[in-house]
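Here's the structure, in structure tokens; my notes come after.
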Amino acid sequence: MESRFDKFMPFGLTTLDLVTILAAITAFAIVFAVWNAATVARDPMRKRVNALQGRRDDLRAGLVAQPKRSRQINKSNESVDLMRVVVGKLKLLQSEQNKKIVEKLQQAGFRSRDAIVIYLFFKLVLPFLLGIAAIVMVYGLNAFALSPMGKLLTSVGSVIFAVKAPDLFISNAIQKRVTMIRKGLPDGLDLMVICAEAGLTLDAGLQRVARELGTGYPELSDELTLCAIELGFMQERRTALLNLAKRVDLPAMRAVVTTLIQTEKYGTPLASSLRVLSAEFRNERMMKAEEKAARLPAIMTVPLILFIMPTLFVVLLGPATCRIADEFVNR
């Protein structure tokens with residue numbers, strides 16, 4: 001039996017065909033997830049530790065060797081090599097905006113040297129690919145029953161979306177990372193207070209706190225570990241702390257960095273300063289939770305009016321309405 005939605009389906013598919021395809025994809029995804037979980041034992045911290053180890057090697061090489069940058073191409077990754085060649089021929093790496101892009105990528109957690117190459121490559125190629133795909137689907141295969149203006153708007157909209165897609169992806173990654181760091185920062189400060197009172201130095205305290213937070217807050221653990229590594233290799237400790245504030249675009253983290261810099265400069269007690277900051281951040285987090293709770297009555301008003309009140313009226317007024325209707329019919 002044909003459905004009324006069959007005329008909107010592309011490639012002559014029916015609603016039953018679409019449901020069958022979606023069910024097959026879902027079943028395949030479930031089987032693959034179960035097989036992957038049962039056969040592959042992954043270490044969630046191994047990838048982060050390897051990335052931070054590579055960052056430490058880069059810092060060590062940059063401090064020991066000459067300041068000339070090495071342009072050796074990683075032969076183990078052919079896809080990245082191809083991207084690097086395309087980006088290099090177009091001289092996209094020489095743009096003045098690349099420094100800001102690198103900062104954005106670091107804030108999103110992408111610290112590899114190839115991150116800027118991959119970003120610029122997709123920023124260049126994705127509009128062409130998605131635009132060609134949209135033109136083929138709309139004009140060539142006539143997949144959707146659209147008017148000429150609709151086809152034009154679909155093609156142009158696909159290109160515009162492809163241009164903005166890398167930036168949206170990076171912005172979304174930054175937002176998620178900042179949110180996770182904000183949640184774990186009070187606990188991290190409490191652990192740093194304990195480490196400072198135990199007599200550990202700032203470097204050792206950061207490493208210890210990062211090790212303890214590795215499971216609950218991996219993003220904050222990565223940043224603290226990298227900061228501890230930079231404190232051990234950089235000539236100016238202030239620069240390492242400022243790099244932490246640049247990587248984490250968060251007012252609370254900037255306050256922590258400022259406190260650490262003042263502690264290093266003036267020799268003030270680290271534990272007392274961090275304890276005050278931790279109390280402030282916890283109060284701030286509690287105030288935000290209370291603010292969300294205070295907005296719940298206003299938010300629940302719309303579902304209450306749309307879903308609960310009509311049902312309540314039907315239950316209460318339904319019998320009376322039926323009785324009144326019967327009385328009018330009998331008369």
Side-chain angles (χ1 to χ4, degrees), residues 45 48-49 51-60 62-63 99 102-111 174-175 177-288:
M45 293 299 296
R48 300 187 181 95
V49 171
L52 293 174
Q53 184 66 31
R55 175 65 175 172
R56 181 167 60 182
D57 295 338
D58 294 340
L59 290 172
R60 181 182 298 172
L63 291 176
K99 185 176 180 181
V102 170
E103 292 181 358
K104 290 290 184 181
L105 292 173
Q106 290 179 353
Q107 291 176 3
F110 304 106
R111 303 190 187 93
I174 292 174
Q175 187 65 30
R177 189 176 181 84
V178 167
T179 301
M180 295 303 298
I181 292 175
R182 183 189 295 112
K183 291 180 179 179
L185 190 57
D187 297 335
L189 287 179
D190 289 339
L191 292 176
M192 289 180 65
V193 170
I194 296 173
C195 293
E197 291 179 345
L200 295 179
T201 61
L202 180 59
D203 304 8
L206 289 176
Q207 292 179 356
R208 180 64 181 179
V209 172
R211 193 182 311 120
E212 295 294 333
L213 296 177
T215 303
Y217 304 101
E219 293 82 6
L220 181 59
S221 175
D222 291 345
E223 297 297 340
L224 295 180
T225 303
L226 183 56
C227 182
I229 292 172
E230 291 182 348
L231 285 172
F233 284 99
M234 287 189 171
Q235 297 178 356
E236 295 185 4
R237 298 170 64 86
R238 175 187 175 90
T239 305
L241 295 174
L242 291 177
N243 289 338
L244 176 61
K246 290 181 181 179
R247 291 193 303 269
V248 182
D249 189 12
L250 188 64
M253 183 61 73
R254 288 195 291 270
V256 172
V257 168
T258 302
T259 302
L260 295 177
I261 292 175
Q262 292 178 353
T263 302
E264 291 279 337
K265 183 177 181 180
Y266 299 107
T268 56
L270 179 61
S272 59
S273 302
L274 294 178
R275 188 181 292 109
V276 172
L277 281 177
S278 177
E280 291 180 358
F281 293 158
R282 288 191 179 279
N283 292 333
E284 182 182 357
R285 187 167 64 176
M286 184 61 66
M287 291 176 62
K288 289 183 178 180

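None of these values were measured; they are calculated from a predicted model. Index from 1, following the sequence.
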If I compare all heavy atoms of Ala252 with all of Phe281, which pair ends up nearest, and what's the gap? O-CZ, 3.4 Å

To the nearest 0.5 angstrom, please state how far the CD atom of Gln207 sits from the CG atom of Leu202. 10.0 Å

If you define the side chain from C-beta out and look only at heavy atoms, does anything of Leu189 sit under 4.5 Å from Met192? yes

Do the non-hydrogen side-chain atoms of Met180 and Leu220 ever get within less than 4.5 Å of each other? no

Is there a side-chain contact between Arg254 and Asp249 (heavy atoms, below 4.5 Å)? yes

Return the set of residues passing side chain to side chain donor-acceptor pair (under 3.5 Å) with Arg208 (not counting sequence neighbours), or none when no residue passes. Glu212

State the OH-CG distance between Tyr217 and Asp222, to the nearest 0.5 angstrom. 15.0 Å

Can you tell if the side chain of Met253 reaches within under 4.5 Å of the side chain of Glu223, non-hydrogen atoms only? no

Could I get the full list of side chain to side chain contact (heavy atoms under 4.5 Å, CB included) partners for Arg282, not counting sequence neighbours? Pro186, Asp187, Asp190, Ser278, Arg285

Before accepting this row, confirm whether a basic side-chain N of the pair Glu103/Lys99 lies closer than 4.0 Å to the acidic partner's carboxylate O. no

Do Leu241 and Leu231 touch side chain to side chain, with heavy atoms closer than 4.5 Å? yes

Taking all non-hydrogen atoms of both residues, which atom of Gly205 and which atom of Leu200 are closest, and how far apart? N-CB, 4.2 Å

With rounding to the nearest 0.5 Å, note down the distance linking OG1 in Thr201 to CG in Leu270. 10.0 Å

Taking atom CE of Met287 and atom CG of Asn283, what is their separation to the nearest 0.5 Å? 8.0 Å

Return the CG to CG distance between Leu260 and Leu242, rounded to the nearest 0.5 Å. 10.5 Å

Is there a salt bridge (charged side-chain N to carboxylate O under 4.0 Å, His left out) between Glu219 and Arg182 once you walk through the steps? CA-CA 10 Å; Glu219 293 82 6; Arg182 183 189 295 112; over 6 Å; no

If you round to the nearest 0.5 Å, how far is CZ of Arg211 from CG of Leu224? 12.5 Å

Is there a side chain to side chain contact (heavy atoms under 4.5 Å, CB included) between Arg237 and Asp203 once you walk through the steps? CA-CA 10 Å; Arg237 298 170 64 86; Asp203 304 8; 2.9 Å; yes

Taking all atoms of both residues into account, what is the closest heavy-atom pair of Arg177 and Gln107, and its distance? CD-O, 3.1 Å

Distance-minimising heavy-atom pair for Val209 and Cys195: CG2-SG, 4.0 Å

Can you name the nearest heavy-atom pair linking Ala255 to Leu277, along with the distance? O-CD1, 4.0 Å

Tell me, please, which residues at least two apart from Gln262 pass side chain to side chain contact (heavy atoms under 4.5 Å, CB included). Thr258, Tyr266

On a heavy-atom basis, the closest approach of Thr263 and Ser273 is OG1-OG, 4.3 Å

